[in-house]
2 protein chains.
Amino acid sequence: MNAPLPNEVLPAYDRRPVPDVMLAALRERFGDRCSTVAAVREQHGRDESPFPVTPPDAVVFCESTDEVAFVVTQAAAHGVPVIPFGVGSSLEGHLLAVQGGVSVDLSRMTRIVRVNPEDLTVTVEAGVTREQLNREVRDQGLFFPIDPGANASLGGMAATRASGTNAVRYGTMRENVLGLTVVTASGEIIHTGTRARKSSAGYDLTRLFVGSEGTLGVMTEVTLKLYPLPEAVSAAICQFTDIAAAVNATIQIIQMGVPIARCELLDANAVRAVNAQSKLGLKERPMLLMEFHGSDAGVKEQAETVQAITAEFGGADFEWASTPEERTRLWTARHKAYFAGMAMNPGCRTVTTDTCVPISRLAEIIEASVADADASGLPYYIVGHVGDGNFHLAYLVKDGDADERATAERLSMEMVQRAIAMEGTCTGEHGIGLHKMGFLVDEAGAGSIALMREIKRALDPKNIMNPGKIFVL
Amino acid sequence: MNAPLPNEVLPAYDRRPVPDVMLAALRERFGDRCSTVAAVREQHGRDESPFPVTPPDAVVFCESTDEVAFVVTQAAAHGVPVIPFGVGSSLEGHLLAVQGGVSVDLSRMTRIVRVNPEDLTVTVEAGVTREQLNREVRDQGLFFPIDPGANASLGGMAATRASGTNAVRYGTMRENVLGLTVVTASGEIIHTGTRARKSSAGYDLTRLFVGSEGTLGVMTEVTLKLYPLPEAVSAAICQFTDIAAAVNATIQIIQMGVPIARCELLDANAVRAVNAQSKLGLKERPMLLMEFHGSDAGVKEQAETVQAITAEFGGADFEWASTPEERTRLWTARHKAYFAGMAMNPGCRTVTTDTCVPISRLAEIIEASVADADASGLPYYIVGHVGDGNFHLAYLVKDGDADERATAERLSMEMVQRAIAMEGTCTGEHGIGLHKMGFLVDEAGAGSIALMREIKRALDPKNIMNPGKIFVL
């Protein structure tokens with residue numbers, strides 16, 4: 001088993017700084033949208049991971065695909081790394097400039113290029129966030145379901161193959177991206193996919209770029225599927241005496257084919273944290289937070305089925321939230337779990353896991369991981385997209401405490417070992433970044449990694465696109 | 001616009017025959033499972049396309065992944081083409097041995113490796129057909145929905161990114177393959193994906209192989225999603241005065257978010273043909289053939305919504321088929337449309353199109369294509385997976401009549417031009433094969449094709465995996 005990259009040590013990559021002649025060309029084209037100010041560089045040299053800040057040499061705020069192509073063409077000419085940047089919410093060190101280079105900030109590329117309500121498609125620039133998109137299409141009776149919690153950019157979400165709470169019903173970015181505009185490593189602009197719902201036309205370049213974490217090109221526009229806003233939405237919570245009961249109820253819900261839209265687990269620690277943060281007054285016991293989408297009758301039927309199943313597994317305190325306000329309160333609390341966990345443990349940082357297993361193994365892996373976490377004495381909590389078999393066990397470690405950090409990393413590694421042995425994955429939705437490169441080797445095997453490397457070398461022969469991430473070339 | 005490859009002329013590829021030393025090695029390992037008998041070779045040198053038979057030099061009937069790896073290792077050593085063969089139901093010349101070489105027949109690899117009913121997953125050998133799979137999992141209350149009509153092998157369906165009548169609800173092979181065992185071009189065995197429902201672990205090799213038409217490796221095992229058999233299924237037909245009305249009703253059904261499981265269009269010509277073949281006694285008018293899956297109440301609700309929508313668009317003769325026998329009769333008739341069309345036109349062959357467009361443009365492209373077809377005087381019929389925007393216009397041309405063939409190819413090309421201008425695709429589910437290589441260049445653009453070529457060169461440097469298909473290297 002390959003250990004994860006210790007969070008406090010960066011790999012010893014050679015730096016490839018931006019030469020003066022390139023910086024001059026960028027300044028000439030972009031004026032003060034090309035910045036080398038320390039504060040700006042530092043802001044672009046971090047994400048939500050616990051890695052130390054590792055700034056790029058320069059940041060360029062691009063406003064169009066052509067501008068991105070200009071930067072990449074320059075970078076290709078000078079062999080300089082290019083790191084695409086959305087809102088900085090990635091979790092595994094994706095954005096750190098481990099070899100220096102240019103951060104291409106796409107946060108000003110926020111145009112909704114085109115909504116096609118009849119076709120249930122939309123094309124957006126990569127810097128559009130999911131909340132902006134949903135605001136802009138709501139009036140047309142449409143929504144985009146993928147919800148990773150953070151108000152991430154859609155380019156960033158495509159880059160990490162993000163998913164989140166709605167994936168159990170609507171799929172992940174893998175299923176919901178129809179096409180892309182990409183600036184390739186040579187600075188060329190290409191388009192992948194079409195607006196048709198399906199296609200058998202050649203290699204699936206769209207799916208190759210989705211999840212490639214910026215290592216094969218810069219996605220500048222994303223064409224997405226939209227969905228009609230459901231006629232009825234309702235949410236419910238249900239509490240359980242133990243996690244296994246909650247998970248087993250979930251398995252049954254999925255096996256029955258209930259088209260549940262969200263099915264989230266919070267362990268007692270997570271409930272305690274969100275209670276404290278959001279004053280929810282919930283019993284501090286494991287719970288499922290669920291959402292149902294459909295027609296009035298359909299939602300009612302789903303809910304009845306689910307209520308019967310949860311009762312079978314000892315679920316109690318089944319409680320409805322049918323008004324939008326109640327639902328928002330619950331989901332906001334869920335989305336704040338990460339910050340709530342830190343607020344409960346001042347001076348701590350979070351080491352988050354992201355394993356995903358076949359659902360039949362979910363109770364088993366959570367129970368084993370909980371036993372280990374309890375034995376370690378580290379504070380922790382669990383939130384999980386359990387309908388997909390995906391959960392996050394978050395360890396809270398004292399900032400700068402190397403022993404605690406090492407304990408958390410050891411527990412995380414053991415959990416990943418278990419997940420892989422169960423035919424699961426080391427990362428359901430956060431990506432590999434810097435942190436999980438060792439895990440990826442264990443999961444994918446040498447043969448698959450070799451293929452990934454060949455693809456990387458073929459499409460980015462100078463290794464300038466977010467180098468040093470996913471695998472070491 | 002690049003013309004399609006004329007069906008009666010093969011590209012002038014250099015042949016790369018199997019050398020005697022390799023043939024000896026294959027005979028030693030496989031005995032009489034390695035055949036050079038003319039009839040066997042001919043059977044492996046054709047598919048359902050109108051291309052002339054183009055046999056391989058040898059056929060090897062493999063029974064395991066290791067055996068496939070042995071063949072590919074030999075082929076790699078001698079620079080000989082390898083063409084994976086399932087049941088031979090592909091439509092675009094995928095299986096033709098345009099450079100000679102070895103056909104790797106996977107039809108004896110029919111083991112269901114493992115069903116995991118709790119996880120709704122199954123792993124099968126590539127030669128398992130969809131009907132075999134469904135027979136074997138039905139007792140466990142499960143089914144695999146992808147249904148391209150032909151009883152294709154699951155390896156072949158993965159290779160062409162197949163879909164068919166159920167895709168509007170359940171997606172295509174793209175959405176339903178979780179992982180693969182692949183023999184790469186060097187003869188190495190790799191595994192892609194996991195049994196987890198989602199993953200962000202590195203490049204999406206699974207999706208790269210799905211739809212690669214055998215040009216990147218031989219898929220020998222496929223892990224698929226399964227679905228619980230719906231509690232209730234019902235089918236209905238509804239007839240319309242014109243195609244546009246049927247299509248517009250479909251658009252409305254999709255926009256309303258009705259989770260319809262199948263939504264098929266048959267034009268009056270197709271109805272005439274299936275009437276004659278299957279004695280259905282339908283009025284010879286355009287019709288929708290629909291299927292609904294869900295709970296009893298859910299199916300009823302869907303059907304009521306759909307009946308109201310179709311009535312709005314002048315749909316009449318709405319007729320239910322709730323018993324399995326009635327449903328089977330209707331769907332069997334639909335699946336036989338291809339043969340029914342030929343039976344109506346003795347001495348003819350079929351030139352089938354496969355465009356797929358954003359659904360808002362579907363009525364427009366069908367109407368324009370119908371006008372052209374009517375003007376041409378060629379017999380034709382239309383069947384369509386209209387819920388996805390995908391339809392097949394099949395021209396019946398007299399076998400050996402070069403003028404009729406040319407007319408059909410011209411009409412097909414004009415339709416593809418329209419589809420691409422509407423941001424659609426030249427192929428929704430049949431693949432590129434030999435026939436649509438020109439179309440692919442128009443659709444994907446030079447930049448994307450260049451990337452596909454780079455990937456092919458990186459993963460198959462000797463160009464031995466089904467060479468000459470998708471694009472010319």
Side-chain angles (χ1 to χ4, degrees), chain A residues 116 118-119 121 160-161 163 167 172 175 188 190-192 194-205 207-208 211-212 228 251 255-257 295 297-298 301 356-360 388-390 423-432 440 443-445 447-448 451-452 454-455 458-459 470, chain B residues 116 118-119 121 160-161 163 167 172 175 188 190-192 194-205 207-208 211-212 228 251 255-257 295 297-298 301 356-360 388-390 423-432 440 443-445 447-448 451-452 454-455 458-459 470:
Chain A
N116 291 86
E118 280 201 316
D119 298 317
T121 68
T160 52
R161 207 180 292 128
S163 49
T172 73
E175 285 80 22
E188 205 183 339
I190 65 160
H191 304 281
T192 73
T194 68
R195 284 208 309 112
R197 304 290 277 188
K198 65 183 196 184
S199 170
S200 289
Y203 299 164
D204 194 345
L205 296 180
R207 245 55 52 185
L208 182 61
S212 65
I251 294 177
Q255 279 174 5
M256 297 275 291
S295 65
E301 186 180 40
C356 183
V357 295
I359 199 168
S360 66
D388 291 318
N390 183 206
E423 300 175 88
T425 176
C426 65
T427 176
E429 54 186 20
H430 294 170
I432 298 297
L440 179 64
E443 177 176 328
S448 284
L451 251 59
M452 293 185 201
E454 291 300 332
I455 292 167
L459 302 193
I470 302 184
Chain B
N116 291 86
E118 280 201 314
D119 298 317
T121 68
T160 53
R161 206 181 291 128
S163 48
T172 72
E175 286 81 21
E188 205 183 340
I190 66 160
H191 305 280
T192 74
T194 68
R195 285 209 307 113
R197 303 292 276 188
K198 64 184 197 183
S199 170
S200 290
Y203 300 165
D204 193 345
L205 296 180
R207 246 52 55 184
L208 182 62
S212 64
I251 295 177
Q255 279 174 5
M256 296 276 290
S295 65
E301 186 181 39
C356 184
V357 296
I359 199 169
S360 65
D388 291 319
N390 184 205
E423 300 176 87
T425 176
C426 64
T427 176
E429 55 186 18
H430 294 170
I432 298 297
L440 180 64
E443 176 176 328
S448 283
L451 249 59
M452 292 184 201
E454 291 299 332
I455 292 166
L459 301 194
I470 303 184

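Sequence lines set the chain letters: A, B, ... in the order given, protein chains first and strands last, and positions in each chain run from 1.
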As an exercise: rank Ala458(A), Pro228(A), Gly428(A), Ser295(A) by heavy-atom pairs under 4.5 Å with chain B and give me the winner. Gly428(A)
Select one option (side chain, backbone, both, neither) describing which atoms of Glu301(B) are under 4.5 Å from chain A's heavy atoms. side chain
Among Gly431(A), Gly447(A), Ser448(A), single out the residue with the greatest number of heavy-atom pairs under 4.5 Å to chain B. Ser448(A)
Is Ile432(B) in contact with chain A via its backbone, its side chain, both, or neither, using a 4.5 Å heavy-atom distance? both
When every non-hydrogen atom of Gly424(B) is compared with those of Thr194(A), the smallest separation belongs to O-CG2, 3.4 Å
Only pairs of heavy atoms separated by less than 4.5 Å count here; which of Ala297(B), Ala201(B), Cys356(B), Ser163(B) has the most with chain A? Ala201(B)
Contacts of type side chain to side chain donor-acceptor pair (under 3.5 Å), residue Gln255(B), not counting sequence neighbours: none
To the nearest 0.5 Å, how far apart are CZ in Arg195(B) and OG in Ser360(A)? 6.0 Å
Do you know which of Gly257(B), Gly202(B), Gly445(B) has the most heavy-atom pairs with chain A at a distance under 4.5 angstrom? Gly202(B)
For Arg161(A) and Tyr203(B), work out which heavy atoms get closest and say how close. NH2-C, 3.9 Å
Reported CZ-to-CG distance for the pair Arg207(B) and Leu205(A), which is rounded to 0.5 angstrom: 14.5 Å
Reported CG-to-CG distance for the pair Leu451(B) and Leu208(A), which is rounded to 0.5 angstrom: 8.0 Å
Please flag which part of Ser199(B) lies under 4.5 Å from any non-hydrogen atom of chain A: side chain, backbone, both or neither. both
Structural part of Asn390(B) lying under 4.5 Å from a heavy atom of chain A: side chain
Kindly compute the distance separating NZ (Lys198(A)) from OG1 (Thr172(B)), expressed to the nearest 0.5 Å. 7.5 Å
Counting heavy-atom pairs under 4.5 Å with chain A, the top scorer among Glu429(B), His191(B), Met256(B) is Glu429(B)
Looking at Thr192(A), Ile470(A), Ile190(A), which one has more heavy-atom pairs under 4.5 Å with chain B than the rest? Ile190(A)
When rounded to the nearest 0.5 angstrom, what distance separates CD in Glu423(A) from CG in Asp119(B)? 8.5 Å
Measuring heavy-atom distances to chain A, does Glu454(B) have an atom under 4.5 Å in its side chain, in its backbone, in both, or in neither? both
Rounded to the nearest 0.5 Å, what separation is found between the OG atom of Ser200(A) and the CG atom of Leu440(B)? 11.0 Å
Region of Ile359(B) that comes under 4.5 Å of a non-hydrogen atom in chain A: both
